Amino acid sequence: MLHLQSLPLLCDSKIADNTPFSVLHFSNNNSSVGSSRVLDVGLKFSKQSSGGGSSGRGLSSKARAKTTTALNVYGRRAHESVLEEEAPQKLGFKTFPGQAFPFGASQVENGINFAIFSQHATAVTLCLSLPQGGKFERPDGEMIEVALDPKVNKTGDVWHICIEDLPRDDVLYGYKIDGPRDWRQGHRFDSSIMLIDPYAKLVDGRRFFGDASHKMSKFYGTYDFDSLPFDWGDNYTPPNIPEKDLVIYEMNVRAFTADKSSGLDPNIRGSYLGLIEKIPHLLELGVNAVELLPVFEFDEFEFQRRPNPRDHLINTWGYSTINFFAPMNRYASRGGGPRNASWEFKEMVKALHGAGIEVILDVVYNHTNEADDKNPYTTSFRGIDNKVYYMVDLNNNGQLLNFSGCGNTLNCNHPVVMELILDSLRHWVIEYHVDGFRFDLASVLCRGTDGSPLDAPPLIRAIAKDSILSSCKIIAEPWDCGGLYLVGKFPNWDRWAEWNGKYRDDIRKFIKGDSGMKGSFATRVAGSADLYKVHKRKPCHSVNFVIAHDGFTLRDLVSYNFKHNDANGEGGNDGCNDNFSWNCGFEGETDDHNIKALRFRQMKNFHLALMISQGIPMMLMGDEYGHTRYGNNNSYGHDTSMNNFQWGLLDAEKSSHFRFFLEAIKFRQTHQVFTSDNFLSKNDVTWHENNWDNQESKFLAFTLHDKNGGDVYLAFNAHDYFVKVSIPPPPPKRRWLRVVDTNFESPDDFIPQGLPGIGSTYNVAPYSSILLEAKLT
């Protein structure tokens, strides 16, 4: 594992092309290195030709306009308006050579230190925009450009400089970097593009989500060394919920409260603070962990930067990371910007923790927003050192490898990139107190620098063994778009949990009535021992789900046989084709009472199966009231009611569908038979089945045994006819009470205290399920 006090000590290491790179170790002693000089060498002022927003940042100067046209690395003409000084000008800032560690912008004794890694760069220019008149506005005006001297400002492969007396906050900064223009060797340098520091802790740009007037806004790194430390409270403690007791609620911060029906002040709709206002709903539902769709900075207008079939979409899911350290600044309330976004994110975590709810982040380290070589969107890594940060195929003219399905693949097991990811994770734990991470397309993280699968990926092991991450929940989505399917086989060091895709598929197939699925259904609800009973793994290493953000909602799963993705602009070619769904007799919305009743019954069957399964259950935001996307199973680009939580519909379902959902969650949390720490033995479960080989049998019954006698009997009938089943005798001095029968309407479908009168047989209705509890007589 490469982990030396969070410093990548990489002298004499090798990368894919066998070129050595070096990052030397400097102690973090709050002082810069070397003697000072007045900031004049390599200084100029520049005005970017695009960026949007207001003027008002930077320093005034007497300059002349100069328009240059150059052939850039992509073989296209690049046009840029530049304001250049007639001659170098001295400013009132002193500079020092700076230090190579830590990466990013850091406060040292005599100034602000900037350090950035680029192994292949030949020239690095630091660009600064200073606050003016106390205002915090976008840099439409001049920027200071400071060219770093490789003889003074470079140590190993790290470029660095310290500038004295810079403001402690509200400074925007970026880099322009040049290097070899040899595409075939994997380089994509272009010194005309302003680049975001990969280690920037905050990112500024557009302030309001979906603000089309700033659609082409640029993004800049910034910092805040002026604010007081966040007050987590004297009595603050994180929930520290055991994994086996988690009930995860997958949700989108913006979509949760963006709709007018949320009833919130428009200034906080779709924000971190908006989520806080709706914590009572989460408590009423009974979940104890939220898994937030990406909250790292991303550009919601990335599809609209050029004409294309998707240029009407707004990225609302956020799986297109610009920076791995900065919280999404447009999730701040009132367009408050990056500093407020950071503060309000912490307020959200603190409030959730205070309610006993853990915070798990969905993180995307498999690719970035920078797209592919055909239509690149260069904002950071590509222009800093493409050959280091991305997997490239040197045997195919240096083309980007694409195991993510998004045009590029982060080079996760390169030592520098690996340390970047580890530093990012530690930052979110230390600075923001998050409780865990779900890793999108995590099989990418199991590939070497050439894309080949690794049996023991260094990054995966480092995450599992890291001391700061030791108490975190770490969950893999164990597949990628290159066919590396690792469900049940993800390298784990007995720590990693997995999204269990086989659970999803097998539960869907059985409940909708597919033949030959009874045995698989039994295996999945029992904890998937076939996948996870190895070494010291436990049932809680299976994150069970029927529904997730990508794919059908629960209501659509029972309403559509086919995806309906025309609104996405990809000709219906996007989204999964294998949904294992059943429309219950009609495609889409219908007024047919019988079909609607069957659909609601099926939704209850799915939810009950999820909540009685061994492992960690995860449900999707909105399924608790039956949210529909009208058959769109890939709704990433719709900032509308298609994705937004509909609070009015929730109110309409409070006494029926929603009630069933919360009662099922509550029942799970109050009965230990569903949260076993170990895989079930014959003493824990009795399968009332002697016909496992019958492919046409779609009925399964079993009893989970409680050590105190409070057994639970369950039966699932996926036939289209009634099944009369013999009920086993209850434990001594107990009787069976009916808690659940999904065939009934609310409130009879779920009676928490149980209903007596259960005889020796029970007639289980078509497409329905029952739960009986043994209670003392």
Side-chain angles (χ1 to χ4, degrees), residues 232-233 235-251 253 256 275-276 278-293 295 345-363 425 428-430 432-439 463-464 466-476 492 494-500 503 527-528 532 536-545 548 607 610-621 624 661-679:
W232 290 95
N235 298 319
Y236 167 82
T237 55
N240 291 322
I241 300 170
E243 288 178 305
K244 70 182 184 66
D245 295 328
L246 290 175
V247 178
I248 299 175
Y249 185 79
E250 191 190 26
M251 64 178 297
V253 169
F256 194 46
L275 192 154
I276 293 175
K278 294 298 185 179
I279 288 176
H281 169 70
L282 301 176
L283 291 174
E284 184 180 11
L285 180 59
V287 297
N288 57 19
V290 291
E291 184 173 299
L292 304 180
L293 265 64
V295 293
F345 187 97
K346 293 172 186 175
E347 290 283 7
M348 178 190 69
V349 173
K350 180 180 178 181
L352 286 165
H353 283 178
I357 298 172
E358 292 197 338
V359 179
I360 298 170
L361 302 187
D362 192 336
V363 291
L425 294 169
W428 287 97
V429 172
I430 295 170
Y432 293 101
H433 292 200
V434 302
D435 303 284
F437 305 93
R438 176 266 187 188
F439 293 79
I463 293 171
D466 190 87
S467 58
I468 293 174
L469 306 177
S470 61
S471 61
C472 290
K473 279 77 176 177
I474 49 175
I475 303 168
N492 57 80
D494 295 326
R495 276 212 60 206
W496 282 82
E498 302 174 16
W499 266 25
N500 189 345
Y503 178 95
S528 296
Y532 301 111
K536 296 180 181 179
R537 303 194 85 182
K538 299 178 180 294
C540 64
H541 289 119
S542 172
V543 175
N544 301 326
F545 66 104
H607 186 61
L610 179 64
M611 289 303 150
I612 60 86
S613 295
Q614 305 297 319
I616 302 174
M618 182 188 76
M619 63 169 290
L620 177 66
M621 176 188 89
E624 66 266 39
F661 267 57
L662 70 87
E663 292 292 358
I665 294 172
K666 187 185 301 181
F667 196 85
R668 174 186 178 85
Q669 293 177 328
T670 55
H671 291 75
Q672 295 183 359
V673 293
F674 306 124
T675 57
S676 176
D677 197 38
N678 298 300
F679 289 98

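Predicted model only: the values in this text are computed from it and were never measured. Note: hydrogens, waters and symmetry copies are ignored here, and every other heavy atom, side chains too, is used.
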| side chain to side chain contact (heavy atoms under 4.5 Å, CB included) partners for E243, two or more places apart |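 K473, C540, I616.
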| query | With a 6.0 Å cut-off on ring centres, are W428 and F437 close enough? | reply |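 No, ring centres 6.0 Å or more apart.
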Give the minimum heavy-atom separation between [X] and [Y], together with the two atoms involved.
X	Y	value
M618	A548	CE-CB, 4.1 Å
A355	L283	O-CD2, 3.3 Å
M611	A664	CB-O, 4.0 Å
P539	D677	CD-O, 3.7 Å
S542	G527	CB-O, 4.4 Å
L352	V290	CD1-CG2, 4.0 Å

I'd like to check [X] versus [Y] (side-chain heavy atoms, cut-off strictly below 4.5 Å). Are they in contact?
X	Y	result
K346	W232	yes
R668	V247	yes
V673	I612	no
H353	Y236	yes
Y532	N500	yes
L469	I474	no
M621	F256	yes
L275	L292	yes

Please report the interatomic distance [atom1]([X]) to [atom2]([Y]), rounded to the nearest 0.5 Å.
X	Y	atom1	atom2	answer
E291	D362	CD	CG	5.5 Å
I248	I360	CD1	CD1	4.0 Å
K278	I276	NZ	CD1	13.5 Å
I475	R495	CD1	CZ	11.0 Å
M251	M619	CE	CE	11.0 Å
E284	F661	CD	CZ	14.0 Å

| request: Go through the steps for N492 and R537 under the test side chain to side chain contact (heavy atoms under 4.5 Å, CB included), then give the verdict. | output: CA-CA 9 Å; N492 57 80; R537 303 194 85 182; 3.4 Å; yes
For [Y], is there any backbone N or O sitting under 3.5 Å from a side-chain donor or acceptor partner on [X]?
X	Y	answer
R438	L293	no
E624	L285	no
D435	V359	yes
E358	N240	yes

| task | Take the angle between the ring planes of F545 and W499 and call it parallel below 30°, perpendicular above 60°, tilted in between. | result |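 Rings of F545 and W499: tilted, 30 to 60°.
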| F674 and H671 aromatic ring geometry - parallel, tilted or perpendicular at 30°/60° bounds |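 Plane angle between 30° and 60°, so tilted.
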| request: Answer with yes or no whether the side chains of Y503 and S613 bring together a donor and an acceptor at under 3.5 Å. | output: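 On atom types as modelled, these side chains qualify, holding a pair under 3.5 Å.
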| request: Show your working on side chain to side chain contact (heavy atoms under 4.5 Å, CB included) between I463 and F439 and close with a plain yes or no. | output: CA-CA 11 Å; I463 293 171; F439 293 79; 3.9 Å; yes
| message | Apply side chain to side chain contact (heavy atoms under 4.5 Å, CB included) to residues I665 and H607 and explain how you reach the verdict. | response | CA-CA 9 Å; I665 294 172; H607 186 61; 3.9 Å; yes
| task | Taking atom CD of Q672 as the centre, report whether more than 12 heavy atoms of other residues, nucleotides or ligands fall under 6.0 Å from it. | result |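 For Q672, atom CD is not crowded (no more than 12 foreign heavy atoms under 6.0 Å).
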